[in-house]
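Below is one structure, written out as structure tokens; comments come after it.
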2 protein chains.
Amino acid sequence: MPRDATLEDVARQAGVSLATASRVLNGSTRQVGRALRDRVEQAAAELGYTTNRAAQALARSASDILGLVVHDLSDPYFAEVANAVVRAAGRHGLSVMVGTTFRDPEAEIGYVATLRAQRVRAIVLAGSRSADPEVTARLRAEIDRFQGTGGRAALIGQDLLGVDTVVPDNHAGSRELAEALARLGHTRFAVLTGPPGLLTAADRTAGFAEGLASLGLPAPVLIPGPFDRDGGHAAARELLAAHGTEVTCVFAVNDVMAVGALAALRGAGVDVPGRISVAGFDDIPTLRDLTPALTTVRLPLAEMGTRAVELALGADPAGAEAARARVVLRESTRALT
Amino acid sequence: MPRDATLEDVARQAGVSLATASRVLNGSTRQVGRALRDRVEQAAAELGYTTNRAAQALARSASDILGLVVHDLSDPYFAEVANAVVRAAGRHGLSVMVGTTFRDPEAEIGYVATLRAQRVRAIVLAGSRSADPEVTARLRAEIDRFQGTGGRAALIGQDLLGVDTVVPDNHAGSRELAEALARLGHTRFAVLTGPPGLLTAADRTAGFAEGLASLGLPAPVLIPGPFDRDGGHAAARELLAAHGTEVTCVFAVNDVMAVGALAALRGAGVDVPGRISVAGFDDIPTLRDLTPALTTVRLPLAEMGTRAVELALGADPAGAEAARARVVLRESTRALT
DNA sequence: TAATCGCCGGAAAACGCTTTCCGTATCCGA
DNA sequence: TCGGATACGGAAAGCGTTTTCCGGCGATTA
């Protein structure tokens, strides 16, 4: 098995020093004379030389890798964010190393450690963290160690003191949604709240409840459950069983849950929005092709990913930065006449 | 800014040699005595030592990174595959570096080059390649160079002579779909073929047409267009404009196109499956929540990703390997009475 | 009891690149 | 003609690991 050509092979073949070959092939502030430059380039082409990035990273003590950790790539929310992150990283000449945690906080911490070992240039952490202070502290410690030795990090989701964060305006978005739905005439609501102890879910639930309260409406029925499609499905069934008739509108704290809820309601023969209106949160792309199209709160997912990359790379210590959430009313919610 | 603790720091603190520290902390065939082992471990803990993987990769000349290149992470097909790849790689202790090409073959070649420069352990290429022989040859050459110096590669999709490949049975799947639809009584079909020169799309179109021909049915109307949701939408509109009344069943060569077509038909007030039946291909997860639920040909997406990783990592020269495709009839296709 | 073997610790040479430091050659203006 | 920049080539010292030797030592064998 022939080994890859090294810079030394190139230098030898071109009859120049290692230093010169390096300067020609891998950028440098220094100039190299035309004649030698040509010789080196030709030698490199003949040998099919490709820079060994691992060696380069070691020598420069700076890699060109950006780490990304998400919960689940097959969740459209993260897929969208990841897509934007990969794209933005590419624009900065960085490759992306991605990890999926499947919502296991331990895995998340582990991934940060792995990325730190890789000495990646920056880490983008997407997805909300747990409310468990002990776990959060450990994650925090891991990030601190990374940042302590020159690493950069940015989060998407919950603010984690002192780390640059793109924070979607969950609270205000949900609150506005509540107001918009109330304007349609609804008064009795249910919220599929997701798991207790998930900050994003909690914020959205709180914002929604607050919106209702400020209008003098009764507090919503709260149904917890997993944060995914099947969780929404199950929660909706539970809702029907327990509070079948009282409620006219249900808010699932994220879109995939709302999709599951929609399926459950359809399965139970409940007309949406005829009998019950449904709303979600995030505005994942698949939503528009559902029947009925789902009312939701739009988050600029791609933009958030892009912004996180810039935050993680940028020199400006931006601190926390809000991503505006916007209510989008579609067919799944109707006005009560 | 303090720098990361190095192995040398650890060795000094523990009062042992570099060799010993390395053997303790980063695995080795060699044993280290109990006393020294403890000293090293304690020193490492005190200093917060983390192996520098770049340096390790250089010294071992073997990285623990797996490269993955997909077209578009926000396409559920690739999201599903990528998810499985990341998971499978994790089981083998590898991290995944991912690139997205957005269907640009040049970008694909470029990414393979990047991954080669990174000296990744293996590369998994998902997504069908172009029919342009010149581009394919260049991609092939790039892969060859990678494999020529000990890299491993596996593809998902079209077979590329001599590279291990997981190939979905597009032809047979489409053919069986055609037969199943014919059995429902349909005789006049349209196929939304995707772009000309995309092998996967061509295979599926051909298999479908062949199925019809073997039953003595007329050839389908062929409508080309982009391979994505909007492409399907546009193609369906075109179909309605040109052949509005003749056709009773349309096959979009992938699910995202079928979803777009469904939306277009709904937008045009065409009842599905009342007036036109619609079928797709892939069975992406979002399908089940559509109304009507979409008939499709199921591909074991996650399994394909997992298998590709094993192919790329495994010692067994498996060659091309088929992934069985299975017709799944749902509500979007109805029997003609 | 001497010869042999296994174990285990360390010195040092890679791995493939970057970058500092030095030295020589060339150019400019006076 | 000379002094001082300026430009550019190369030697060599890293970057943080792994791994090959080599040597010493205690235990086994004859």
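Naming convention: chains lettered A, B, ... in sequence-line order (proteins, then strands); numbering from 1 in each chain. Keep in mind that what you see is a predicted model, and the values were worked out from it rather than measured.
The 12-atom threshold is exceeded at CD of Glu41(B), counting heavy atoms of other residues, nucleotides or ligands nearer than 6.0 Å. Remark: Arg87(B) CZ is loosely packed, at most 12 non-hydrogen atoms of other residues, nucleotides or ligands lying under 6.0 Å away. Within a 6.0 Å radius of CD in Glu8(A), other residues, nucleotides and ligands contribute 12 heavy atoms or fewer.
We find that CZ of Arg53(B) is positioned 20 Å from P of dG16(C), with the value rounded to whole Å. Rounded to an integer number of Å, the gap from CD of Gln31(B) to C1' of dG10(C) is 17 Å. Leu36(A) has its CG atom 14 Å from the C1' atom of dA25(C), to the nearest Å. At whole-Å resolution of the value, CG in Leu7(A) and C1' in dG14(D) are 16 Å apart. Taking atom CG on Leu58(A) and atom P on dT19(C), their separation rounds to 12 Å, with Å as the unit. Between the C1' atom of dT17(D) and the CG atom of Leu25(B) lies a distance of 12 Å, rounded to the nearest Å. Whole-Å rounding puts the Arg12(A) CZ to dG10(D) P distance at 14 Å. The interatomic distance linking Asn52(A) (CG) with dC15(D) (P) rounds to 18 Å, in whole Å.
The side chain of Ala19(B) lies closest to dA11(C) when the candidates are dA11(C), dC8(D), dT18(C).
Contact annotation: Gln56(A) does not reach the phosphate of dG16(C) (side-chain N/O to OP1 or OP2, under 4.0 Å). OP1 or OP2 of dT18(D) has at least one side-chain nitrogen or oxygen of Asn26(B) nearer than 4.0 Å. Considering only side-chain N and O atoms, Arg60(B) lies under 4.0 angstrom from the phosphate OP1 or OP2 of dT18(D). Residue Thr20(B) places no side-chain N or O under 4.0 Å from the OP1 or OP2 atom of dG9(C). Look at Ser17(B) and you'll find a side-chain N or O under 4.0 angstrom from OP1 or OP2 of dG10(C). For dT17(D), the OP1/OP2 oxygens have no side-chain nitrogen or oxygen of Ser22(B) closer than 4.0 Å.
The base of dG10(C) sits within donor-acceptor range of the side chain of Arg23(B), with an N or O pair under 3.5 Å.
Residue order along DNA chain D, read from the 5' end via each residue's closest nucleotide, puts Ala55(B) first among Arg30(B) and Ala55(B). Where Arg34(B) and Ala59(B) meet DNA chain C, the nucleotide closest to each residue was compared, and Arg34(B) sits on the side nearer the 5' end.
From Ser95(A), atom OG reaches atom CZ of Arg121(A) across 10.5 Å, with rounding to the nearest 0.5 Å.
Counting non-hydrogen atoms under 4.0 angstrom, Leu18(B) reaches a base of the nucleic acid.
Remark: Arg119(A) engages Asp4(B) in a salt bridge, criterion side-chain N to carboxylate O under 4.0 Å.
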